[in-house]
Amino acid sequence: MTLTLAEILMARGTIKGVADATPLVPATAISRILGTELLLKLEICQPIGAFKLRGAYNAVTSLPDGAIGVTCCSTGNHGRGVAFAARQRGLRAVVCMSELVPQAKIDGIRALGAEISITGKSQDAALAESLRLCRDEGLTEISPFDDPRVIAGQGTIGLEILEQRPDVGTLLVPLSGGGLAGGVALAAKAINPAIKVIGISMDRGAAMVASIKAGHPIEVKEYASLADSLGGGIGLQNKLSFQLCRDLLDDIILVTEEEIRDAMQMLFFEERIVAEGACVVGIAALKAGKLPPSTKPMATILTGRNLDMQIFTQIMTGQDITLGDMHLKGRQYTSPL
Ligand SMILES: *Cc1c(COP(=O)(O)O)cnc(C)c1O
């Protein structure tokens, strides 16, 4: 499997008017507080509330005419993208998810007309079910991150950011299976080889960073996280996203659940933006002083807004939260401005 800028440019034509070009806006208050110019790519404005529509639509659109239906495993947002794209093409869609996926995400997928299958406690279990459906029912698997058409779709975000602000020096990209970071890094570095692309994951269960350290894809234990969209493995048979992230990312930074919570509060109270925990890992890393200082503007991708509003309300009102085996103490936000 190969992927070049040409496929990403083609993907842009395919998704035009469906997975729309999103705004890149200044995070004015956060930039003042952190003393560095930060821009936000608003993928929360996509029709499904997350960037995953780009890759899913590009992949589903390019299926041959004889396809009878699609299936995928998902932490929630890819399934929503696949459901949306399959409905447009009049195809059956089955979305396989683990028990860790929040109800709000499941409801959103069902509302788009897809069938739901909940299996086990990990993405790997959901993937196994999705592959079984391919074998037994003739459906086509659309990987959330390890498919060249999916990665090309996500890479269109990199094209847009560099067109919108060619002066950006560093991209902070939320990282899970690496389709987003791999595609964005490929596009951005093809246009500006000097740009830095940094992947950010939560510190519990970050499969890509563990795999890169090991030199090959490995499995890690999965934990409940505020960044639930970043959960899951990269697949032991990973073909493309592992290699792209290993070769193209300048660094990978890990953030704690406390840092994610604080960044969610900061984004909401300072910028009035509602976004998933997975989106704010870049802001969390900056705020925690985990990134090298930069004189050029930085941009991060607000990848999705499909969160559980009860947890969101608890975080914003300073209540304690339970995440699986972890107890996260509440904390009231006070603005330094
Ligand atoms: C899927 C997802 C990511 C991570 O994308 P990968 O391609 O798996 O690395 C980040 N944020 C949100 C909201 C997502 O749904």
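Each residue takes its place number in the sequence, starting with 1. All ligand and atom numbering here is 1-based and tracks the order in the structure. Note: hydrogens, waters and symmetry copies are ignored here, and every other heavy atom, side chains too, is used.
Any N or O atom pair closer than 3.5 Å counts here, and Leu180 shares at least one such pair with ligand 1.
If you check which protein heavy atom lies closest to atom 8 (O) of ligand 1, you get Gly177 N, 2.9 Å. For atom 11 (N) of ligand 1, the closest heavy atom belonging to the protein is Thr303 OG1, 2.7 Å.
In this structure, Asp320 contributes its side chain and Lys329 its backbone to no donor-acceptor pair below 3.5 Å.
Heavy-atom neighbours of Gln103 CD from other residues, nucleotides or ligands within 6.0 Å: above the threshold of 12.
Atom numbering of ligand 1 starts at 1 in the shown order; those under 4.0 Å from a heavy atom of Asn77 are 13 (C), 14 (C), 15 (O). Close approach to Gly179 involves these atoms of ligand 1, each under 4.0 Å from a residue heavy atom: 6 (P), 7 (O), 9 (O). If you number the atoms of ligand 1 from 1 as listed, the ones under 4.0 Å from a heavy atom of Phe51 come out as 1 (C), 2 (C), 3 (C), 5 (O), 10 (C), 11 (N), 12 (C), 14 (C). For ligand 1 and Ala278, the ligand atoms under 4.0 Å from any heavy atom of the residue are 11 (N). Counting the atoms of ligand 1 from 1 in the order shown, those under 4.0 Å from a heavy atom of Leu230 are 3 (C), 4 (C), 10 (C).
Only the side chain of Lys52 comes within 4.0 Å of ligand 1, judged by heavy-atom distances. Contact annotation for Glu276 and ligand 1: only side-chain heavy atoms (C-beta onward) come within less than 4.0 Å of the ligand.
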Going through the distances and angles, do Ser122 and Glu222 end up as a side chain to side chain donor-acceptor pair (under 3.5 Å)? CA-CA 6 Å; Ser122 69; Glu222 220 174 299; 4.6 Å; no
Evaluate Glu270 against Ser335 for side chain to side chain donor-acceptor pair (under 3.5 Å), listing each step before the verdict. CA-CA 7 Å; Glu270 302 294 352; Ser335 176; 2.7 Å; yes
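A heavy-atom distance below 4.5 Å is not found between the side chains of Glu129 and Val94.
When all heavy atoms of Thr170 and Leu172 are compared, the closest pair comes out as CG2-CD2, 3.9 Å. Of all the heavy atoms in Ser225 and Met202, the pair that sits closest is OG-CG, 3.8 Å.
Side-chain rings of Phe268 and Phe312 approach one another, their centers coming within less than 6.0 Å.
Heavy atoms of Pro144 stay at 4.0 angstrom or farther from ligand 1.
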